Amino acid sequence: MKKILKSTLITSLVLIALGIYMVLSPSTAISTIIKVIGIAIIVAGAVTVLLYVANKDDSRSFTTLATGIILVIAGIVFLVKPGSIEKIFPTVVGVLIIVNGILNLIASLKAKKAGSSAWIVGLILSVITIALGIVILSQPLFLMSQIVRIVGIVLIITGVSSLLAGA
């Protein structure tokens, strides 16, 4: 029981510290997050290459090797040029949100044709998603900082809540 309480305390304090860091320094936090993503991409690419090399039978595909190499290179770019990635990241997120909204819109229209009564909810959420993507594209860097701050606030609240629950 003491181990669980100690673990909860440590986790809570880390969440609070990370949240404060994100609220007070969103630009630096974004850069750090991009670097962590870069490391994860490198690891994923290296594992993909290693799996290709380890697989000696005829079923292995050159596209697997190429994917692994591309992932490693992309991860290195994330580490070496986090500022460049930071500038395009919100735009990419905005575009992906719009694409997701369009796909959901199509799905909700198909649901309408199929006679589903829930299609209207899907339609409304799709339109909201598309609008959110457009808003992100209109102010990508400003909104990215605000999103990081909001995530920081959520982490602080989660950490404090966890502390109070463990007390």
Side-chain angles (χ1 to χ4, degrees), residues 6-107 125-126 128-163:
K6 186 175 181 181
S7 174
T8 302
L9 175 66
I10 292 170
T11 302
S12 300
L13 293 176
V14 168
L15 288 174
I16 293 168
L18 184 59
I20 291 170
Y21 172 64
M22 292 173 81
V23 168
L24 296 178
S25 186
S27 297
T28 307
I30 292 171
S31 180
T32 302
I33 291 167
I34 289 171
K35 288 176 184 173
V36 169
I37 292 171
I39 291 168
I41 292 171
I42 290 171
V43 169
V47 167
T48 302
V49 169
L50 290 173
L51 289 174
Y52 173 84
V53 171
N55 186 2
K56 300 290 185 192
D57 62 20
D58 293 335
S59 68
R60 70 184 188 177
S61 166
F62 177 72
T63 55
T64 302
L65 177 63
T67 300
I69 292 170
I70 290 169
L71 285 172
V72 170
I73 292 169
I76 291 169
V77 171
F78 270 61
L79 290 177
V80 174
K81 297 282 190 182
S84 298
I85 300 298
E86 183 179 332
K87 289 177 186 167
I88 65 166
F89 190 71
T91 302
V92 170
V93 169
V95 169
L96 290 174
I97 288 173
I98 291 171
V99 168
N100 185 48
I102 292 170
L103 293 174
N104 289 338
L105 177 66
I106 292 168
L125 293 175
S126 299
I128 291 171
T129 301
I130 293 168
L132 178 62
I134 292 169
V135 168
I136 289 172
L137 287 179
S138 71
Q139 296 289 322
L141 296 178
F142 171 75
L143 288 175
M144 194 62 167
S145 292
Q146 300 314 312
I147 290 168
V148 169
R149 283 191 172 109
I150 291 167
V151 170
I153 291 168
V154 169
L155 290 176
I156 293 169
I157 292 168
T158 302
V160 170
S161 172
S162 185
L163 269 178

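Everything numeric in this text was worked out from a predicted model, so none of it was measured.
In this structure, the separation between CD1 on Ile70 and CG on Leu65 is 9.5 Å, given to the nearest 0.5 Å. Between atom CD1 of residue Ile42 and atom CD1 of residue Ile73 there is a gap of 10.5 Å, rounded to the nearest 0.5 Å. In this structure, CD1 on Ile41 lies 11.5 Å from OG1 on Thr48, to the nearest 0.5 angstrom. Separating the CD1 atom in Ile10 from the CG atom in Leu15 is a distance of 12.0 Å, to the nearest 0.5 Å. With rounding to the nearest 0.5 Å, the separation of CG in Asn100 from CG in Leu105 is 11.0 Å.
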Which atom pairs, one a donor and one an acceptor, fall under 3.5 Å between side chains of residues 129-149 and the rest of the protein, sequence neighbours left out?
residue, atom, partner, partner atom, Å
Thr129, OG1, Leu125, O, 2.7
Ser138, OG, Val135, O, 2.7
Arg149, NE, Val23, O, 3.2

Table please: side-chain donor-acceptor pairs of residues 26-39 below 3.5 Å, with sequence neighbours left out.
residue, atom, partner, partner atom, Å
Thr28, OG1, Ser25, OG, 2.9
Thr32, OG1, Tyr21, OH, 3.1
Thr32, OG1, Thr28, O, 3.0

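For the side chain to side chain contact (heavy atoms under 4.5 Å, CB included) test with Ile102, the passing option among Val99, Ile106, Asn104 is Ile106; the others fail.
With sequence neighbours excluded, the residues satisfying side chain to side chain contact (heavy atoms under 4.5 Å, CB included) with Leu13 are Leu9, Leu163. Under the rule for a side-chain hydrogen bond (donor to acceptor under 3.5 Å, both in side chains), Ser126 has no partner lying at least two apart in sequence or in another chain. In this structure, the side chain to side chain contact (heavy atoms under 4.5 Å, CB included) partners of Val47, at least two apart in sequence or on a different chain, are Val43, Leu51.
Residue pairs that meet the side chain to side chain donor-acceptor pair (under 3.5 Å) test with at least one member in residues 72-87, sequence neighbours left out, do not exist here.
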